[in-house]
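Positions are given from 1 along the sequence.
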Amino acid sequence: MRDKQLLDLARPAGGGCGAARILTRGRARLGAAATVVALAFVVALAVKRSPPRFAAPPIAIVRDTAGDALWSVRLAVTAHEISADRLAAPPQPGP
C-alpha cells in the first residue's frame with residue numbers, strides 16, 4: 001500500500017507521463033515562436049521599399065565661423081527623410 005502511495009505522488013495530477021506534457025508544451029511554444037517569426041517576415045516583405053534617393057544637390061551647407069563646410073543636408077522627398085553628412089574631419093584634440 002505504501003509503495004502505491006509513493007507512485008501516486010510521483011505521477012502528475014492529470015495522469016499520464018509528465019515528460020510528455022513538458023515536451024508537448026515545448027513544441028507548442030516552438031511552433032508559436034516559429035509562427036510569429038514567419039508573420040514578421042511576411043509583414044517585412046509586404047512593406048519592403050527601396051532605399052531613399054536623396055537629392056543630388058544639398059539643400060543646405062552648415063559652415064563654421066571660418067567658412068569651412070562642416071555638414072551637408074539633403075532631402076529624400078518621396079521617403080520623407082533627411083540626411084546630414086559630415087564633410088569636415090572631426091577636430092583633433094589639442095596637446
| Between Asp68 and Arg63, is there a side-chain N and carboxylate O pair less than 4.0 Å apart? | no

| task | Assess whether side-chain contact (heavy atoms from CB on, under 4.5 Å) is satisfied between Ile59 and Arg74, documenting all intermediate values. | result | CA-CA 6 Å; Ile59 62 164; Arg74 299 178 297 151; over 6 Å; no

| request: Specify the closest pair of heavy atoms between Thr35 and Gly31, including all atoms of both residues, with the distance to one decimal. | output: OG1-O, 2.8 Å

| task | Would you give the length of the straight line joining atom CG of Asp64 to atom CG of Leu70, rounded to the nearest 0.5 angstrom? | result | 4.5 Å

| message | Using side-chain heavy atoms (C-beta onward) and a distance below 4.5 Å, is Val73 in contact with Pro58? | response | no

| query | So with a 6.0 Å cut-off around CG of Leu87, is the heavy-atom count from everything else above 12? | reply | yes

